Amino acid sequence: YLATVGSGYTRTLREGAADEGRSLIGQFGIGFLSAFVVADRVEVHTTSHREPGVGHRFEAQDGETYSLDAAPARTVGTRVTLRLKPSAAMLSQPEAIEALLVKYCALLSIPIHVGQASSSPVNRPLPPWRTEPAPQGAERARVNLTFAARYEHAFEPICAFEVGGAEAPARGLVWVQDGATYGTSDNRNVSVFVRGMLVSTDARDLLPSWAGFCGALIESDELTPTASREDVQRDPTYERIQKIVSSALVDGLERTATEAPAAWRRILLRHNEALLGAALCDDRLFDVLQHQLKLPTSDGDLTMRAIKSRSGDRIQVSLGERGGYEEIVFRAMGIPVVIGTRYAVLPFSRKFAERTGTRLIQIGTGTGDREFFAPAEATPAEAEALETLRGDERFEVVASRFEPNYLPLLLVPDREAELKRRMESDEADRRIAPALLSLARQYTGGIDGRILARVYVNLDSPVIRKWLDSPADRQAQGARLLRSFATMLATRGDSALESDLSATLEEFSNALLALLGP
């Protein structure tokens with residue numbers, strides 16, 4: 001068997017359901033050849049427990065020639081000696097051997113010693129699911145966390161959750177990493193053991209795609225290694241285990257949220273943004289997180305409960321960047337506006353609104369603006385005067401009523417029109433993949449886009465009422481002041497209107513001088 005490529009006795013034992021073969025990893029009859037990657041000669045001395053008085057000696061050179069001879073019987077067992085190539089001499093160091101054994105053989109039930117047999121096994125302690133009697137409670141959690149730390153080299157684990165049960169096709173651990181992440185970070189780190197041996201360190205897709213802040217160690221005798229034993233096959237069993245791991249992670253996060261407040265605070269502090277996206281991928285996880293996560297708003301980061309309580313049981317979302325008119329206006333009004341341009345924030349807000357029956361107003365769209373800025377009827381004379389506030393043919397003047405009444409008017413960019421311009425620009429052709437750009441343009445193709453912004457004039461404002469009642473000359477100067485005021489307010493940090501701030505300030509100053517007189 002050792003000398004014949006593709007003929008493995010281990011596989012024969014396992015297929016025959018022999019007890020001694022069930023826990024062995026050999027399958028393809030080529031594993032022994034790996035010795036010649038680092039050695040130019042391999043010797044095997046063995047004495048079987050079935051024939052304790054008979055010994056055998058096998059020797060192979062370069063994996064091409066071999067000899068098999070009788071040898072004096074030794075203690076029952078097998079000794080394999082690798083004569084290392086000069087290029088692999090560093091592997092003879094005890095520290096290097098121990099590091100490899102700890103990594104690859106941590107779950108083997110047979111104790112492994114480096115140096116003397118009296119030394120402590122390097123593959124101990126075993127994880128709780130392989131320990132009899134298994135530790136319980138806080139001790140079990142501590143052992144799990146310690147074991148997870150062996151296989152999480154980049155981060156410290158915050159908490160670890162067990163995967164599977166006695167009858168499951170897989171056992172193991174999944175943990176949350178103690179390292180700050182962005183929404184699109186992918187630090188998934190998964191080690192897979194088959195029959196006690198490490199087979200893969202890159203099976204990251206066993207974790208959900210949203211779990212970029214997690215690591216896992218999975219053991220399964222039902223997974224099938226590839227021929228090179230560097231990975232496992234993606235088959236129906238692999239897919240079953242993916243679902244088991246995902247369920248264990250969601251269950252663990254839910255328990256942590258209710259039973260371990262200190263660990264939960266650390267998770268939220270480091271992974272709030274990533275969890276916003278994760279919650280969109282799993283309804284159970286959304287239920288756990290919907291009131292826990294914070295969203296960026298014009299008043300800082302707030303939970304959905306805080307946003308609703310401060311805005312009359314509504315959610316206002318803006319697609320403008322921080323520093324735009326929304327931040328100034330709504331802070332003055334005491335209403336937090338969610339910054340919808342941040343990762344996953346807008347879809348999270350929409351899903352929350354749908355599941356809780358909360359009204360969502362998207363500022364900067366025609367529908368959202370109509371909800372926030374109540375339309376008002378203007379007399380023909382008032383409508384004619386209001387048109388002098390347009391300032392740009394791409395603007396639309398809308399008579400409305402809104403709070404606070406000390407705001408005379410607001411210039412609100414049309415975010416949908418802005419998106420249309422961005423998607424149809426040459427810059428989009430250079431930066432966005434053609435397939436994705438085509439889908440985006442299918443959406444923006446239905447947007448009119450001719451209106452760049454809307455000027456909402458507050459007919460409840462004392463300033464507007466006073467302005468409408470003014471003589472024609474004062475009304476003209478007042479229009480210049482009001483236009484300048486609205487433009488300065490709208491263009492603070494907002495690129496959509498592309499206003500020349502210097503020219504706006506000059507117009508404001510000249511109008512004020514004219515009103516003050518000589």
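Since the model is a prediction, treat every value here as computed from it, not as a measurement. Side-chain atoms are counted along with the backbone in the values below, which use heavy atoms only and exclude waters and symmetry mates.
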> Closest heavy-atom contact between D282 and L285?
Replying inline: OD1-N, 3.0 Å

>> Evaluate R355 against F286 for side-chain contact (heavy atoms from CB on, under 4.5 Å), listing each step before the verdict.
In response: CA-CA 10 Å; R355 291 169 72 91; F286 189 92; 3.5 Å; yes

> Taking the six-membered ring for Trp, is the centroid-to-centroid distance between F193 and Y151 below 6.0 Å?
Replying inline: yes

> Among V337, T356, T358, which one satisfies side-chain contact (heavy atoms from CB on, under 4.5 Å) with I315?
Replying inline: T358

> Do side-chain atoms of T46 reach the backbone of H56 as a donor and acceptor pair under 3.5 angstrom?
Replying inline: no

> What about the rings of F213 and F155, do their centers lie closer together than 6.0 Å?
Replying inline: no

> Between H291 and F352, is the gap from one ring center to the other below 6.0 Å?
Replying inline: yes

> What is the minimum heavy-atom distance between T256 and W264, and which atoms define it?
Replying inline: O-CB, 3.7 Å

>> Walk me through whether E162 and R140 qualify under salt bridge (charged side-chain N to carboxylate O under 4.0 Å, His left out).
In response: CA-CA 10 Å; E162 290 192 29; R140 188 180 186 109; 2.5 Å; yes

> Between H271 (side chain) and Q177 (backbone), is there a donor-acceptor pair under 3.5 Å?
Replying inline: yes

> Between E98 and L100, does a side-chain contact (heavy atoms from CB on, under 4.5 Å) hold up when you go through it step by step?
Replying inline: CA-CA 5 Å; E98 183 170 342; L100 288 169; over 6 Å; no

>> Please find the pair of heavy atoms, one from S247 and one from R284, that lie closest to each other, and give the distance.
In response: OG-NH1, 3.8 Å

> Would you say Q136's side chain and A134's backbone share a donor-acceptor pair under 3.5 angstrom?
Replying inline: yes

> Taking atom CG of L173 and atom SG of C214, what is their separation to the nearest 0.5 Å?
Replying inline: 12.5 Å

> Side chains of V44 and L2: closer than 4.5 Å at any heavy-atom pair?
Replying inline: yes

> Which pair of heavy atoms, one from T47 and one from P52, lies closest together, and at what distance?
Replying inline: CG2-O, 3.5 Å

> If you round to the nearest 0.5 Å, how far is NE2 of H153 from NZ of K103?
Replying inline: 6.0 Å

> Under a 4.5 Å cut-off applied to non-hydrogen side-chain atoms, are I241 and S220 in contact?
Replying inline: yes

>> So does L207 get a backbone contact from the side chain of R188, meaning a donor-acceptor N/O pair under 3.5 Å?
In response: yes

> Would R234 and E239 pass as an ion pair if we require N to O under 4.0 Å?
Replying inline: no

>> Within the structure provided, determine whether T224 and Y238 are in side-chain contact (heavy-atom separation under 4.5 Å).
In response: no

> Say you draw a straight line from CD1 of I361 to CD of Q316; how long is it, rounded to the nearest 0.5 Å?
Replying inline: 5.0 Å

> Looking only at atom types and distance, does a side-chain atom of Q242 sit under 3.5 Å from a main-chain N or O of D205, one as donor and one as acceptor?
Replying inline: yes

> Is atom OH of Y104 surrounded by more than 12 heavy atoms (other residues, nucleotides or ligands) closer than 6.0 Å?
Replying inline: no

>> Please check this pair: side chain of T297 against backbone of G300, looking for a donor-acceptor N/O pair closer than 3.5 Å.
In response: yes

>> Assess the residue pair E59 and Y66 against the criterion (side-chain contact (heavy atoms from CB on, under 4.5 Å)); give the C-alpha distance rounded to whole Å, side-chain angles, the decisive distance to 0.1 Å, and a yes or no.
In response: CA-CA 5 Å; E59 182 177 340; Y66 73 95; over 6 Å; no

>> Applying ring-ring contact (aromatic ring centres under 6.0 Å, His included) to Y1 and F32, what does each step give before you reach the verdict?
In response: CA-CA 10 Å; Y1 285 104; F32 183 70; over 10 Å; no

>> Donor-acceptor pair, distance only, cut-off 3.5 Å: does the side chain of S119 make one with the backbone of G115?
In response: no

> Mind checking whether F161 and R255 have side chains closer than 4.5 Å, heavy atoms only?
Replying inline: yes

>> Please determine whether salt bridge (charged side-chain N to carboxylate O under 4.0 Å, His left out) holds for the pair K351 and E354, giving the CA-CA distance in whole Å, both sets of side-chain angles, and the decisive distance to 0.1 Å.
In response: CA-CA 5 Å; K351 186 167 184 175; E354 291 169 2; over 6 Å; no

> Do other residues, nucleotides or ligands put more than 12 heavy atoms under 6.0 Å from the NZ atom of K294?
Replying inline: no

> Within a strict 4.5 Å, meaning less than it, do heavy atoms of the R171 and I218 side chains meet?
Replying inline: no

>> Donor-acceptor pair, distance only, cut-off 3.5 Å: does the side chain of N123 make one with the backbone of V102?
In response: no

> Can you tell if the side chain of R79 reaches within under 4.5 Å of the side chain of E43, non-hydrogen atoms only?
Replying inline: no

> How many angstroms lie between OG in S349 and CE in M304, if you round to the nearest 0.5 Å?
Replying inline: 3.5 Å

>> Just so I know, are the side chains of Q61 and D40 near enough to count as touching, which here means a heavy-atom distance under 4.5 Å?
In response: no

>> Closer than 3.5 angstrom, by distance alone: can the side chain of T226 be matched with the main-chain N or O of D231 as a donor-acceptor pair?
In response: yes

>> How close do F348 and A279 get, counting heavy atoms only, and between which atoms?
In response: CE1-CB, 3.9 Å

> Checking salt bridge (charged side-chain N to carboxylate O under 4.0 Å, His left out) for the pair D221/R195: CA distance, chi angles, key distance, verdict?
Replying inline: CA-CA 5 Å; D221 292 352; R195 287 180 284 281; 5.2 Å; no

>> Distance check, rounded to the nearest 0.5 Å: R130 atom CZ versus L107 atom CG?
In response: 5.5 Å

> Is the side chain of N187 donor-acceptor paired with the backbone N or O of N189 at a distance under 3.5 Å, no angle test?
Replying inline: no

>> Does Q362 form a side-chain hydrogen bond (donor to acceptor under 3.5 Å, both in side chains) with R350? I'd like the steps, not just the answer.
In response: CA-CA 10 Å; Q362 191 170 320; R350 285 174 174 163; 3.1 Å; yes

> If you take all heavy atoms of S311 and P336, which pair is closest and at what distance?
Replying inline: CB-CD, 4.3 Å

>> Pair R266, D178 - check salt bridge (charged side-chain N to carboxylate O under 4.0 Å, His left out), show working.
In response: CA-CA 8 Å; R266 289 173 66 191; D178 188 12; 2.7 Å; yes

> Say you draw a straight line from OG1 of T78 to CZ of F58; how long is it, rounded to the nearest 0.5 Å?
Replying inline: 12.5 Å

> Given side chains that start at C-beta, do those of L268 and Q292 come closer than 4.5 Å, heavy atoms only?
Replying inline: yes

> Stepwise, does the side-chain contact (heavy atoms from CB on, under 4.5 Å) test hold for L295 with L276?
Replying inline: CA-CA 9 Å; L295 284 77; L276 283 171; 4.3 Å; yes

